[in-house]
2 protein chains.
Amino acid sequence: VDERTFDDVLAALRADRQHGAAELARRTLAILQQSAADMPAADPEEFHLSAGTRGRALMAARPSMAAIGNLIGKWVACVEAAPGRSLASLRAAAADCALKLIAASHEASVQAADHAATLIGEGKTVLTHSRSSTVLLVCDRLRDADLRMIVTESRPLNEGHAVAAQLSDWGVPATVITEAQIGLAMADADLALVGADTVCADGSVVNKAGTFLAALAARQQGRPFYVCCEGFKRAARNAPPPVLEEMDPAELGAPGWLGVTVRNTYFDITPPSLVTTWITEEGVFTELSKESPQE
Amino acid sequence: VDERTFDDVLAALRADRQHGAAELARRTLAILQQSAADMPAADPEEFHLSAGTRGRALMAARPSMAAIGNLIGKWVACVEAAPGRSLASLRAAAADCALKLIAASHEASVQAADHAATLIGEGKTVLTHSRSSTVLLVCDRLRDADLRMIVTESRPLNEGHAVAAQLSDWGVPATVITEAQIGLAMADADLALVGADTVCADGSVVNKAGTFLAALAARQQGRPFYVCCEGFKRAARNAPPPVLEEMDPAELGAPGWLGVTVRNTYFDITPPSLVTTWITEEGVFTELSKESPQE
């Protein structure tokens, strides 16, 4: 991963709309694993400097996604703590740090999904919004447990279609709706289940725009609203307020009109009062400790 | 309007996604006005029979829209009450009934919009969903009163784009968003304003799917939620529960997947507890009488 390739990778990470925060966090770690092996550096000191620079650039790329900042922060700390007297041993240690964090993140998602699947149980109809890899793990666990899914298309880029395709492959019956139909469709569901881009210290959930509406509809219809994600997505208590990324308005496909602005805010924030249960690898919580695990 | 043309007109009415209930109700009356002039009938009795048949067919075409049923019901009653000793005088009376009802419907919308514009006042930012001709009348009234609009695209057919185009013509600054962004965008608005397809006897509002979510977001963000429409849209107390029309799933543009159903429910129902104010030609109401004006 030379400088030019790294810049390309960074641009691709910023532009990615198809993958959720957990997948993107692991991808950034994979980039760092590769960087550890081949990033230009003359000696250990230069390696530490470059590792820090690349780490910070990746951390800043998707400010709505705490998992990226948290996992890369852990990688930087892991590299700094590596003994690495020689450049070669430092490269090996840094790559190993990345691999272990990828595995830890994946394992956390799997465990969170297991907890969620146990909580949900057999024969349920679940409404989800956007495409969360952790929610898909839950669907995978429940695919022989008479699961039915209601899936939003998830404008503007319709990543809900990828969820529908996966469910179809697994033989899980599903219904695809527009976001506009969430209000009444929630009455046909037993519960709502979403992933998260970030869970703030107070339990607020940053996730794809529309999640807040699904949570409001769930409360109105008397349905539980579950958030399932790995603990790495938890923002620190002293973290700045979440940044809600604005993407290219052209994604909406609207014509241009004089005096009319098209907005494409990708995320919204669901207040903790609308969340019934947060599910992480650590278990099922109806209230979140103010002490974030990232502190 | 011979039988064949009438069938075409009926099909077009059923398929129409661009016009709101008020406009469609007036269009059906225009069809009946034309039918009065040239509908085949040998004598007054045959005319009455055909008028009733056409009226009932039009009334059944858009079950989510009470205004169509109400206005055509009034037309049928008006025709039945017409003296019309000769076929010619009956034709003239029936056409006149239709014209008067079109004028009454239009005048009611104008008056409702006037009340709404007065209530809203200067310098407000208003979020609307879907395309209501009455809401556009309100925007027209307020276009020199420092109005700003937030307009949803209104999937699946994006009739919000037509609203944006009109606002652009009028020089009203506007922002176009996806439905998914309603939750946070409501915080940028002073209030939400929508039209209605039907206002049920209990004050529930049948309107384009997504209206219910806008009302939930308005309550959550502490913003008033106004419904503005002519009184002809009020369903009778003894009316059957509102029918929420399902349209062609192909409108969503989703690929087909085995085992996946695509749903395109066009309307939803907003409970009266989420409506701050109903505005009709009769004024501004914070509570609706259970006695519908259509009874």
Side-chain angles (χ1 to χ4, degrees), chain A residues 129-130 149-156 158 160-161 164-165 167-185 208-217 219-220 244 249 251-271 274, chain B residues 129-130 149-156 158 160-161 164-165 167-185 208-217 219-220 244 249 251-271 274:
Chain A
H129 176 59
S130 192
M149 294 294 296
I150 301 172
V151 176
T152 59
E153 54 181 13
S154 303
R155 286 276 293 157
N158 298 329
H161 290 180
L167 294 170
S168 173
D169 276 355
W170 286 340
V172 174
T175 303
V176 170
I177 59 171
T178 54
E179 277 71 74
Q181 296 173 74
I182 289 175
L184 287 190
K208 178 78 187 285
T211 301
F212 181 26
L213 296 173
L216 285 168
R219 183 178 63 180
Q220 179 77 15
L244 303 180
E251 288 181 0
L252 268 68
W257 306 274
L258 193 68
V260 176
T261 306
V262 177
R263 284 197 76 174
N264 186 14
T265 308
Y266 239 67
F267 300 92
D268 64 20
I269 306 178
T270 301
L274 296 176
Chain B
H129 177 58
S130 191
M149 294 294 295
I150 300 171
V151 177
T152 58
E153 55 181 12
S154 303
R155 286 274 295 156
N158 298 330
H161 290 179
L167 294 170
S168 173
D169 276 355
W170 286 340
V172 174
T175 303
V176 170
I177 59 171
T178 53
E179 276 71 74
Q181 296 174 74
I182 289 175
L184 287 189
K208 179 77 188 283
T211 301
F212 181 27
L213 296 174
L216 285 168
R219 183 178 63 179
Q220 179 77 14
L244 303 181
E251 289 182 358
L252 267 69
W257 306 275
L258 193 67
V260 176
T261 306
V262 177
R263 283 197 77 173
N264 187 13
T265 308
Y266 239 68
F267 300 92
D268 64 20
I269 306 178
T270 301
L274 296 176

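Numbers restart at 1 for each chain; the letters A, B, ... are given by sequence-line order, proteins then strands. What you see is a predicted model; the values in this text were computed from it and never measured.
- Interface summary for chain B: among Ile177(A), Ile150(A), Leu258(A), the most heavy-atom pairs under 4.5 angstrom belong to Leu258(A).
- Of the listed residues (Arg155(B), Glu179(B), Arg219(B)), the one with the most heavy-atom contacts under 4.5 Å to chain A is Arg155(B).
- Of the atoms belonging to Leu213(A), heavy atoms from both backbone and side chain fall under 4.5 Å from chain B.
- The two residues Ala180(A) and Ala209(B) come nearest to each other via the heavy atoms CB-O, 3.2 Å.
- Heavy atoms of Leu244(B) lying under 4.5 Å from chain A belong exclusively to its side chain.
- Looking at Phe267(B), the atoms closer than 4.5 Å to chain A (heavy atoms on both sides) all sit in the backbone: N, CA, C or O.
- Rounded to the nearest 0.5 angstrom, Leu274(B) CG and Gln220(A) CD are separated by 5.0 Å.
- With hydrogens and angles ignored, the 3.5 Å screen pairs a side-chain donor or acceptor of Gln181(B) with a backbone N or O of Thr265(A).
- The distance from atom OG1 of Thr270(B) to atom CG of Leu184(A), rounded to the nearest 0.5 Å, is 8.5 Å.
- With contacts defined as side-chain heavy-atom distances shorter than 4.5 Å, the pair Asn264(A)/Thr178(B) does not qualify.
- Comparing Pro173(A), Pro156(A), Ala164(A) by heavy-atom pairs within less than 4.5 Å of chain B, the highest count is held by Ala164(A).
- The most heavy-atom pairs under 4.5 Å with chain B, out of Gly160(A), Gly210(A), Ser168(A), come from Ser168(A).
- Chain A forms more heavy-atom pairs under 4.5 Å with one residue of Ala254(B), Pro271(B), Gly253(B), Ala165(B) than with any other, namely Ala165(B).
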